[in-house]
Amino acid sequence: MIQIKNVSKWYGDFQVLRDVNEEVKQGQTVVVCGPSGSGKSTLLRCINGLEPFQHGEIIVDGVSVSDPATNLYRLRTEIGMVFQRFELYPHMTALQNITLAPMKVRKKSRREAADHAMKLLERVGIPEKAHEHPANLSGGQQQRVAIARSLAMEPKIMMFDEPTSALDPEMIKEVLDVMVDLSTGGMTMIVVTHEMGFAREVAEEIIFMDEGSIIERGTDISFFQNPKSPRTKDFLDKILM
Amino acid sequence: MLSYDFDWSVLWKHPYGRWMLEGIWTTITLSSLAFLIAVTLGLMVGVFRVLPNRITRLIGGSYVELIRNTPYLVQLFFWYFGLPSLLPQASEKWIYDHVPSLPYWTGVVCLGVYTASRVGEQIRAGMISIPTDQYQAAFSTGLTTYQTYRYVIIPYAIRIIIPPFTTEFLTCFKNSALTMTIGVLETTGASYLIDSYTWHGLETTTAASVVYIVITLCVVLLMAWVERRIHIPGMIARGR
C-alpha cells in the first residue's frame with residue numbers, strides 16, 4: 001500500500017530524513033516512535049505530499065507522490081490525517097467540520113454528507129456533539145471529531161501524528177479505543193505515538209527513528225524485549241518506565 | 001474678551017443646510033464604497049502575500065509597499081491631476097468636462113485602493129497567526145488551495161482581525177475628508193465652502209467634527225454587532 005524507498009529530505013543544510021525505507025501493506029498498522037525532532041512527523045507529511053522531499057521515492061497505492069504529474073489533492077483524499085492538536089476548524093460545528101470536504105471535494109449533497117457524518121460521529125461515540133463548536137468540546141472529543149473528519153473521505157490509509165500527546169490522561173483511552181477499533185477493522189494505519197500499550201495491542205510493526213533514520217524495527221513484542229541499539233533501549237526505558 | 005459672534009444658523013440656513021446634508025451623504029457613500037473596494041482588494045492582496053507562490057507574493061508585496069509608503073494625498077493628486085495629463089489634450093479636456101462626478105469616483109477608487117493596502121496587511125497578519133497544521137489539516141482532506149482559503153483560513157482569519165479591521169474602517173471614513181482637495185464636496189468640503197461664504201468657520205468645522213464622531217461611533221457599534229454575530233461559540237470573547 002505504501003512503499004518508501006531511500007527517502008532523504010533536507011531543510012536547507014539540515015537533513016531531517018536520512019535514507020528512509022519502509023513498506024506498509026494493506027490492513028497493517030505501523031507504529032512509529034522516537035524522540036522529538038527525529039523526523040517522524042516529517043515522514044508522515046512526505047507521504048501525503050504536504051512536504052516535499054529531495055531524494056528517493058514514495059509510492060502510495062501505486063501512485064508516486066513526488067511525480068509532478070500526480071494530482072496531490074486527489075491523492076490526499078485517499079489518506080486521512082489526524083494531528084496532535086486536532087486542528088478542527090474553530091468556526092464550524094463538529095458536523096460542519098466533517099461534511100466540508102465530502103461536500104466540496106466529493107460534491108456530495110449536504111444531506112448525504114450529513115447522514116454519513118452522523119454515522120461517523122456514532123462510530124466515534126459522540127453523536128450528541130454534532131452541533132457543538134470545537135471550543136465547547138473536550139480534547140478527547142475534539143480528537144474523535146478530527147478522526148471522523150478524516151474518515152468522512154473514506155480514505156484507504158489513516159495517518160496519526162501523536163494523536164494523544166496533547167490530551168489529559170483520562171481522555172487518551174477514548175481516542176485510543178477508536179484507533180484500536182479502526183485497526184482491527186482492517187484500516188491501513190501509520191501511527192506516530194509513544195503509547196506502547198496501543199503498539200503492543202495492534203501494531204504489526206514498530207519502527208524507531210532517531211535523527212532522521214529508522215534505527216530499529218521489530219514486530220510486536222520483540223521490539224520491547226530486546227532492542228538491538230542502546231539508543232532504542234534508552235528511549236524505551238524512559239517511555240515505559 | 002470674546003469678539004466672535006456665534007451664528008449657528010449658518011448650518012441650516014438656505015442653501016447651506018442642503019450643502020451640509022449633501023456633504024454628509026457624500027462622506028457616507030464615498031467611504032462605504034471605498035471600504036467595499038478595500039475589503040475585496042485587501043483580501044486578494046493579503047492572500048497573495050501568503051500563498052506559496054513567488055509571483056503572487058511579489059505582486060502583493062509590491063502593491064502594499066508602493067501604496068502604503070506614499071501619502072494618500074499624493075495618490076489622490078496623482079490619479080486626478082497627474083495621470084490624465086498623459087492623455088492627448090483633447091481627451092484630457094473631454095474627461096474633465098464630461099465624466100459625471102469625476103472627483104467623487106476618483107475619490108472612491110483612490111481611497112479604496114489606499115485602504116486595501118492596509119486591510120491586506122491586517123488580513124495577512126490574521127492568516128499567518130493561524131498554525132500551519134490548520135492549513136495542513138484542510139489540505140489533508142483533499143481540499144484545494146482555493147477551497148482551503150475560502151472555507152477555512154479566511155473565515156477564521158476575519159474573526160481574528162475584526163478589532164484592527166474596525167480601526168481601518170474608521171480611518172477610511174476620516175481619510176475621505178481629503179477628497180475635498182480634488183473638489184469633492186463631502187462633509188469637510190461643505191463646511192469649508194459654507195465658511196467661505198459666511199466667515200463662520202468655527203461653527204462649520206465644529207459641526208463637521210460632530211458629524212465625524214457620530215458616524216464613527218455608529219461604525220464602532222456596527223462592528224461590535226458584527227463581532228458578536230460571527231463570534232465563535234465557546235471561544236473567549238473580547239472583554240466588554
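Just so it is clear, the values below take in all heavy atoms, side chains as well, and ignore hydrogens, waters and symmetry mates. Here is the naming used below: chain letters follow the sequence lines, and residue numbers restart at 1 for every chain.
With respect to A:Phe86, the side-chain contact (heavy atoms from CB on, under 4.5 Å) criterion is satisfied by exactly one of A:Leu137, A:Leu167, A:Val145: A:Leu167.
Classified by interplanar angle (parallel below 30°, tilted 30° to 60°, perpendicular above 60°), the ring pair B:Phe165/B:Phe35 is perpendicular.
Under the 3.5 Å distance criterion, with hydrogens and angles disregarded, no donor-acceptor pair is assigned to the side chains of B:Thr115 and B:Tyr72. Side-chain atoms of B:Thr70 and B:Gln75 form a donor-acceptor pair, as typed in the model, at a separation below 3.5 Å.
Contacts between A:Met81 and chain B at a heavy-atom distance below 4.5 Å involve backbone atoms as well as side-chain atoms. For chain B, no part of A:Arg74 is nearby; none of its heavy atoms comes within less than 4.5 Å. For A:Tyr73, the parts lying under 4.5 angstrom from a heavy atom of chain B are both the backbone and the side chain. In this structure, chain A has heavy atoms under 4.5 Å from both the backbone and the side chain of B:Gln136. Looking at A:Leu88, only its backbone comes within 4.5 Å of chain B, counting heavy atoms on both sides. At a 4.5 Å heavy-atom cutoff, the contact between A:Ile79 and chain B is made by backbone atoms alone. Residue A:Met92 touches chain B through its side chain alone, counting heavy-atom pairs closer than 4.5 Å.
In this structure, B:Tyr156 has its ring center at least 6.0 angstrom away from the ring center of B:Tyr151.
Note that B:Arg68 lies outside the cation-pi zone of B:Tyr114, set by a 6.0 Å cut-off to the ring centre and a 45° limit from the axis.
Between B:Ser32 and B:Phe173, the shortest heavy-atom distance links the atoms OG-CZ, 4.2 Å.
With chain B as the partner, the residue from A:Val82, A:Asp161, A:Leu100, A:Thr93 showing the most heavy-atom pairs under 4.5 Å is A:Leu100. Here A:Ala135 is the residue among A:Gly49, A:Pro134, A:Pro102, A:Ala135 with the most heavy-atom pairs under 4.5 Å with chain B. Interface remark: of the candidates A:Thr77, A:Leu72, A:Asn136, A:Asn136 forms the most heavy-atom pairs closer than 4.5 Å to chain B. In terms of heavy-atom pairs under 4.5 Å with chain A, the best-connected choice from B:Asp133, B:Thr141, B:Leu143, B:Ile130 is B:Asp133. Per-residue counts of heavy-atom pairs under 4.5 Å with chain B were compared for A:Arg76, A:Gln84, A:His91; the largest is that of A:His91.
The backbone N or O of A:Leu75 sits nowhere less than 3.5 Å from a side-chain atom of A:Glu78 that would complete a donor-acceptor pair.
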